[in-house]
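Quick notes on the structure that follows.
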Amino acid sequence: MRLLYSDASPYSRCVRVLIRHLEITGIEECTVDPMENSELLLELNPLGKIPCLQLNDGSSLYDSEVILRYLDHEFGANRLFGEYGYNWKNECQLSLINGLLDSAVALRQEQMRELEGKRSLFWTSRFEMALLRGLKEIEQSGVMVSPQLTIQQIGLACLLEYLDFRHADLQWRKVVPATATWLSGFEHLSMMKSTRPI
C-alpha cells in the first residue's frame, strides 16, 4: 500500500499516527504537495486532496476518516471505531473534532489569502471563535479521560499540535487548561513525535 500525504496536513497526520499505533507494516508513505495537482494524486483521488491511500489492488481510499476506519477495521479489530452499531455520543465527539480540524485548516487558508490582500476578518474571527467554542465543548465531554486510546484522542492531539504549528497566536491553552495538561503528556508518545511537522 502507499499513503500520499503532506507533512503539514493534520488530516494526514491522524492517519500516520494510527499506522504507528497499530504497528502496520507495508505502507509506503510518500509526500506530495496537493497544490501541485500531480498526475499521481489526481489519478488516485479526483479531488486532488490528501491523505489518499492506494491499496494493493491499485484502488484508492480518500478522506482521512474513511482511511482511518479502513485501517481500524483491517488492522485494529475495530477497537477505535467499534464494529457493531453506533455510540452516538462518540460519533458526535468525532464529528466535532473533525469540524475543528476543518476550521483550523480554513483559518490557515485565510492567513494565506492575506498575501493576496483578500483575507476576510469576518471569516478569520468566525473560524477562531468556532475553534475556541469547540475546544471548550471537547474539554467538558471527557474525551481525554478514556483509559484506552480512542480515535477522538488521536484527532484531538493532531488538532492541538496543528494549532501550535499554524496558529500560535490563538492561545487556546488559556481557554482549555485541562486539555493543555492532557496534551503535555500525550505529545511525548513516539507516534506523535515521529509524525510531527517540521
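We use all heavy atoms of the structure for the numbers below, so side chains are in, but hydrogens, waters and symmetry mates are not.
Under 4.0 Å is where a charged nitrogen must lie from a carboxylate oxygen, and between Glu137 and Arg133 no such pair does. Between Lys136 and Glu139, no side-chain nitrogen of the basic residue sits less than 4.0 Å from a carboxylate oxygen of the acidic one, so the salt-bridge criterion is not met. A salt bridge links Arg173 with Asp164: the closest approach of a Lys/Arg side-chain nitrogen to an acidic carboxylate oxygen falls below 4.0 angstrom.
Using a 4.5 Å cut-off between side-chain heavy atoms of Ile, Leu, Val, Met, Phe, Trp and Tyr, with links allowed through other members, Ile97 and Ile67 fall into the same hydrophobic cluster. Both Ile19 and Leu189 are assigned to one and the same hydrophobic cluster, defined by single-linkage of ILVMFWY side chains at heavy-atom distances under 4.5 Å. Linking Ile, Leu, Val, Met, Phe, Trp and Tyr whenever their side-chain heavy atoms come within less than 4.5 Å leaves Leu55 and Tyr62 in two separate clusters. One hydrophobic cluster, built from ILVMFWY side chains closer than 4.5 Å, holds both Val17 and Leu3. Connection of Val66 to Leu44 is not established within any shared hydrophobic cluster, with ILVMFWY side chains joined at heavy-atom distances below 4.5 Å, either directly or through further cluster members.
Closest heavy-atom contact between Met192 and Cys158: CE-N, 4.3 Å. Taking every heavy atom of both residues into account, Ile198 and Asp7 meet most closely at N-OD2, 3.3 Å. Asn37 approaches Leu42 most closely through the heavy-atom pair O-CD1, 3.4 Å. When all heavy atoms are compared, the tightest approach of Gly155 to Cys14 is CA-SG, 3.9 Å. Here the shortest heavy-atom pairing between Leu100 and Leu135 reads CD1-N, 4.1 Å. Taking both residues in full, the closest heavy atoms of Asn45 and Cys52 are given as CB-SG, 4.0 Å, listed atom of the first, atom of the second, then distance.
Between the side chain of Thr124 and the backbone N or O of Ser120, at least one donor-acceptor pair lies under 3.5 Å. No donor-acceptor pair under 3.5 Å is formed between the side chain of Gln93 and the backbone N or O of Gln152. Judged by distance alone, with hydrogens and angles left aside, the side-chain atoms of Ser141 form a donor-acceptor pair with the main-chain N or O of Ile138 at under 3.5 Å. In this structure, Asp72 contributes its side chain and Arg79 its backbone to a donor-acceptor pair below 3.5 Å. One N or O on the side chain of Gln153 and one on the backbone of Ser146 form a donor-acceptor pair closer than 3.5 Å. A donor-acceptor pair under 3.5 Å is formed between the side chain of Ser103 and the backbone N or O of Gly99. Judged by distance alone, with hydrogens and angles left aside, the side-chain atoms of Asn56 form a donor-acceptor pair with the main-chain N or O of Met1 at under 3.5 Å. Looking at Asn78, its side chain never comes within 3.5 Å of a backbone N or O of Phe81 through a donor-acceptor pair. Of the possible donor and acceptor atoms, none in the side chain of Ser12 sits under 3.5 Å from a partner among the backbone N and O of Ala8.
Residue Glu28 qualifies as enclosed at atom CD: its count of foreign heavy atoms under 6.0 Å is above 12. By the 6.0 Å contact criterion, CD on Glu116 is enclosed, its count of non-hydrogen atoms from other residues, nucleotides or ligands being greater than 12.
Two residues are said to be in side-chain contact when any heavy atoms from C-beta on lie closer than 4.5 Å; Cys30 and Arg2 meet this criterion. Taking the side chain as every heavy atom from C-beta outward, Asn98 and Tyr11 never approach each other to under 4.5 Å. Residues Phe186 and Leu160 have side chains not in contact (no heavy-atom distance under 4.5 Å, counting atoms from C-beta outward).
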Side chain to side chain contact (heavy atoms under 4.5 Å, CB included) between Phe127 and Glu110, intermediate numbers included: CA-CA 9 Å; Phe127 294 137; Glu110 280 300 321; 4.0 Å; yes

Just do the side chain to side chain contact (heavy atoms under 4.5 Å, CB included) check on Trp123 and Arg126 with the steps written out, would you? CA-CA 5 Å; Trp123 285 108; Arg126 185 172 176 85; 3.3 Å; yes

Side chain to side chain contact (heavy atoms under 4.5 Å, CB included) for Trp172 and Leu183? Distances and angles first, verdict last. CA-CA 12 Å; Trp172 61 267; Leu183 181 65; 3.8 Å; yes

Pair Tyr5, Val15 - check side chain to side chain contact (heavy atoms under 4.5 Å, CB included), show working. CA-CA 9 Å; Tyr5 77 98; Val15 172; over 6 Å; no

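Side chain to side chain, Ser6 and Ser9 fail the donor-acceptor criterion of an N or O pair below 3.5 Å. Defined by atom type and a distance below 3.5 Å, a donor-acceptor pair is missing between the side-chain atoms of Thr195 and Arg20.
To the nearest 0.5 Å, atom CD of residue Gln54 and atom CG of residue Leu40 are 6.5 Å apart. Going from atom OG of Ser64 over to atom CZ of Arg16 covers 14.0 Å, rounded to the nearest 0.5 Å. To the nearest 0.5 angstrom, Asp33 atom CG is 8.5 Å from Ser38 atom OG. Atom CG of Leu80 is separated from atom CG of Leu22 by 6.0 Å, given to the nearest 0.5 angstrom. With values rounded to the nearest 0.5 angstrom, Leu53 atom CG is found 12.5 Å from Asp63 atom CG. The distance from the CG atom of Leu107 to the CE atom of Met112 is 12.0 Å, given to the nearest 0.5 Å.
Partner Gln111 forms a side chain to side chain donor-acceptor pair (under 3.5 Å) with one of Arg166, His167, Arg119 and no other, that one being His167.
A cation-pi contact, defined as under 6.0 Å to the ring centre and within 45° of the axis, is absent between Arg13 and Tyr162.
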